[in-house]
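Step one of this worksheet: look at the structure below.
Whatever order the structure lists them in is the order used to number ligands and atoms, beginning at 1. Residues: numbered from 1 along the sequence shown. The structure presented is a predicted model; accordingly, all values stated were derived computationally and were not measured.
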Amino acid sequence: MAATSVVVLDRGNNTTCTINLHGATVVSWRVNNQEQLFVSKQAVFDGKKPIRGGIPFVFPQFGPWTFGPQHGFARIVRWSLEKAPERLASGDVEAIFSIMDNDFTRSMWNYPFRLTYRLILREKELHFNIAVYNPSKDLTFSFNMLLHTYFKVPDVRRCQITGLHGCTFIDKTRENTVYQEGRDVVTIGEWTDRIYQNTPQEHIITNVVSGRKMRIQKYNFPDTVIWNPWIDHAKDMGDFGDDEYPNMVCVEAGHVSSPVILLPGTAFEASQILQVM
Ligand code: BG6
């Protein structure tokens with residue numbers, strides 16, 4: 001069997017979304033043939049390493065983890081295709097992916113769980129609906145979750161990100177010092193790694209591909225992580241080109257600065273909509 005295999009949602013008009021079952025990583029989203037996501041030229045598709053770019057799925061841990069790999073196991077396991085791509089009456093195309101606990105996940109995180117990930121491709125939008133279910137009768141568990149979206153941009157220095165004014169953020173480039181954002185729009189001109197907390201439901205990124213704007217809407221994801229490795233940290237990553245950092249920005253919707261606590265027999269739901277404006 002191939003190390004990785006992909007599922008394609010095709011909306012027509014050269015509008016497609018490609019999901020690699022390795023991590024259910026969205027590796028391409030084309031709108032009228034224009035790619036919206038950044039994937040490194042040096043990304044590795046060996047069915048083991050996380051894929052460098054697209055939209056890796058971070059769960060059940062964000063960041064370094066004592067019991068397993070950084071950013072959890074969801075981005076490095078093979079997901080099941082629960083429902084193959086199907087055209088809805090609206091013309092939109094939907095597919096559903098899932099994972100549940102197995103010996104590998106139990107070796108790091110000893111809980112039963114079921115995670116479903118539903119993607120719907122619309123003309124200019126990509127919808128993500130996520131549900132985590134705790135089937136246990138008596139065990140409560142807690143987790144982080146985040147969609148680690150790498151947007152493709154012509155020059156990150158010209159992007160502005162709205163919706164962060166007044167939010168507190170943890171600055172991972174300054175020993176996790178907490179600051180408050182004073183700028184109306186956030187721009188990036190250096191190594192940036194910040195967890196903005198209690199952010200509003202909507203962000204807009206300007207000057208993405210074709211000079212357009214990208215709208216991000218999120219529900220039940222209180223945090224927004226902004227990341228760009230810049231030149232020095234790009235060099236530290238074997239699966240990221242030294243000169244690629246101007247062409248990407250990660251704006252990541254998640255539940256990471258506090259954990260989700262999931263009681264037995266209950267479910268957590270969250271969603272995101274990306275829209276080319
Ligand atoms: C970001 C984190 O979300 O992901 C960064 O805030 C991290 O600290 C980055 O460097 C990339 O992580 P990884 O594991 O994919 O190299």
I'd like to check Phe104 versus Ile76 (side-chain heavy atoms, cut-off strictly below 4.5 Å). Are they in contact?
yes
In ligand 1, the atoms that come under 4.0 Å of a heavy atom of Asp193 are 2 (C), 5 (C), 6 (O), 8 (O)
Could you pull out, from Glu252, His148, Lys172, Arg52, the option with a heavy atom nearest to atom 16 (O) of ligand 1?
Arg52
Starting from atom 9 (C) of ligand 1, find the nearest protein heavy-atom neighbour and note its residue, name and distance.
Trp227 CE2, 3.6 Å
If hydrophobic clusters are built by linking Ile, Leu, Val, Met, Phe, Trp and Tyr wherever their side-chain heavy atoms come under 4.5 Å apart, do Val132 and Val256 end up in the same one?
no
Under 4.0 Å from one or more heavy atoms of Phe62, ligand 1 contributes atoms 3 (O), 6 (O)
I'd like to know if Met145 and Ile226 are part of one continuous hydrophobic network [Ile/Leu/Val/Met/Phe/Trp/Tyr, side-chain heavy atoms within less than 4.5 Å].
yes
Run Arg194 and Glu181 through salt bridge (Lys or Arg N to Asp or Glu O under 4.0 Å) and show every step you take.
CA-CA 11 Å; Arg194 300 175 166 195; Glu181 183 57 70; 3.3 Å; yes
Only one of Tyr111, Phe141, Phe113 passes side-chain contact (heavy atoms from CB on, under 4.5 Å) with Asn134; say which it is.
Phe141
Which atoms of ligand 1 sit under 4.0 Å from any heavy atom of Arg75?
13 (P), 14 (O), 15 (O)
